[in-house]
Amino acid sequence: MKIAVLGTGMVGQALAGRLAELGHEVSVGTRDVTATMARTEPDGMGNPPYPSWAQSHPQVRLATFADAAAGAELVVNATNGAASIAVLTAAGREHLAGKVLLDIANPLDFSAGFPPTLFVKDTDSLGEQIQREFPQLRAVKALNTMNAHLMVNPAQLAGGEHTVFVSGNDADAKKTVIGLLESFGHTDVIDLGDIATARGSEMVLPIWVRLTGTLNTPMFNFKIVR
Ligand SMILES: NC(=O)c1ccc[n+]([C@@H]2O[C@H](COP(=O)([O-])OP(=O)(O)OC[C@H]3O[C@@H](n4cnc5c(N)ncnc54)[C@H](OP(=O)(O)O)[C@@H]3O)[C@@H](O)[C@H]2O)c1
């Protein structure tokens, strides 16, 4: 499949790398290709700059958000949650219409420092905001409740026996996303329901953030025992 991964951070890199490894034709989207390829400093989390990653993934093309989305059959939103609507707008409504969007972004607000709060919650969610703003997109929220490495390689923990949630209005779009999740190695996929159920998976973040601090590692996930 031709896939656009919007986002050059650790989630974008993890998704793009794994999708390419699985044989998909992947483009990564960014604001400014030249500026992104000129980065020399690690990001705020200490991850190496995008060009270091790109060097070991020559099959993955870097393009503007619009160029990446234009040729894609499926789009991944791996951008900062506060910028996601602006990024999708830059990607171009005409390039998004009818496409499946795997939305991984979280509505984190770091303006008051750490731990972050959620800039939308309880009565709305980022997934719903995106679906409302782009009604022709078929948005599916998934993978936002775990670390980027586990998203694409769940077998690194407990043989992959941990849970990933899926929310979205379009049954076929969810089927496509679940197929991708299974190709990554996920075995416990829980379809929560329509896109409004993303309120639940996004509101997992406050406990996720505190667990990272308490366990001193982001390499953990939730397992729903039933
Ligand atoms: N890190 C994790 O393990 C993890 C786990 C679960 C969910 N998430 C969620 O996944 C998303 C991506 O996380 P991340 O850590 O990979 O990276 P991030 O730093 O949250 O986002 C990086 C991307 O956002 C874009 N961006 C940032 N500010 C922008 C602005 N003002 N206008 C337009 N674009 C902007 C950047 O564009 P450029 O390429 O142009 O710089 C870049 O592509 C986030 O929503 C995060 O909450 C992350």
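Bear in mind the structure is a predicted one, so any value in this text is a computation, not a measurement. Remember, it's 1-based here, ligands and their atoms both numbered in the order they're listed.
Ligand 1 has Met151 within reach: a non-hydrogen atom of the residue lies less than 4.0 Å from it. Under a 4.0 Å heavy-atom criterion, Ala78 is in contact with ligand 1.
Residue-level proximity to ligand 1 for Arg39 is carried by the side chain, the only part with a heavy atom below 4.0 angstrom. For Asn106, heavy-atom contacts with ligand 1 shorter than 4.0 Å involve the backbone as well as the side chain. Contacts between Ala83 and ligand 1 below 4.0 angstrom, taking non-hydrogen atoms only, involve the side chain exclusively.
Taking the ring centroids of Phe220 and Trp208, they lie under the 6.0 Å cut-off.
In this structure the side chain of Glu202 reaches within 4.5 angstrom of the side chain of Lys141, judged on heavy atoms. A 4.5 Å side-chain heavy-atom check between Asn106 and Leu126 finds every atom pair outside the cut-off. Using a 4.5 Å heavy-atom cutoff, the side chains of Leu108 and Leu205 are in contact.
Inspection of the Gln55 and Ser52 side chains reveals no N or O donor paired with an N or O acceptor under 3.5 Å. A donor and an acceptor atom, one from each side chain of Glu161 and Thr187, are located under 3.5 Å apart.
The protein atom (non-hydrogen) at minimum distance from atom 43 (O) of ligand 1 is Thr8 N, 2.9 Å. Counting only heavy atoms of the protein, atom 16 (O) of ligand 1 lies nearest to Val11 N, 2.8 Å. Ranking protein heavy atoms by distance to atom 17 (O) of ligand 1, first place goes to Gly9 CA, 3.9 Å. Scanning the protein heavy atoms around atom 34 (N) of ligand 1, the nearest turns out to be Val87 CG2, 3.4 Å. For atom 3 (O) of ligand 1, the nearest protein heavy atom (residue, atom name, distance) is Ala148 N, 3.0 Å.
Linking ILVMFWY residues whenever their side-chain heavy atoms come closer than 4.5 Å, directly or via other members, places Met203 and Leu211 in the same cluster. Connection of Leu137 to Val87 is established within a shared hydrophobic cluster, with ILVMFWY side chains joined at heavy-atom distances below 4.5 Å, either directly or through further cluster members. Neither Val164 nor Ile207 shares a network with the other; the hydrophobic side chains, linked directly or stepwise wherever heavy atoms of I, L, V, M, F, W or Y lie under 4.5 Å apart, form separate groups for each.
Put simply, the residue from Val152, Val5, Leu180 that forms a side chain to side chain contact (heavy atoms under 4.5 Å, CB included) with Arg18 is Val152.
In the vicinity of Asn147, heavy-atom distances shorter than 4.0 Å reach the ligand 1 atoms 3 (O). Every atom of ligand 1 is numbered from 1 in the order shown, and the set under 4.0 Å from a heavy atom of Gly81 is 45 (O). Atom numbering of ligand 1 starts at 1 in the shown order; those under 4.0 Å from a heavy atom of Ala105 are 45 (O).
Distance check, rounded to the nearest 0.5 Å: CG of Asn221 to CE of Met146 gives 4.5 Å.
Distances between N or O atoms of Asn144 and those of ligand 1 include no value under 3.5 Å. Checked against a 3.5 angstrom limit, the closest N/O atoms of Asn80 and ligand 1 fall inside it. Here's the thing with Arg31: one of its N/O atoms is less than 3.5 angstrom from an N/O atom of ligand 1. When only interatomic distances are considered, the shortest N/O to N/O separation between Thr30 and ligand 1 falls below 3.5 Å. Not a single N or O atom of Leu108, backbone or side chain, sits closer than 3.5 Å to an N or O atom of ligand 1.
The closest non-hydrogen atom to atom 6 (C) of ligand 1, taken over Met10, Met45, Gln13, Met146, comes from Met146. The nearest non-hydrogen atom to atom 25 (C) of ligand 1, considering only Thr79, Asp43, Val28, Leu62, comes from Thr79.
Under 4.0 Å is where a charged nitrogen must lie from a carboxylate oxygen, and between Asp124 and Arg132 at least one such pair does.
There is a protein heavy atom closer than 4.0 angstrom to atom 10 (O) of ligand 1.
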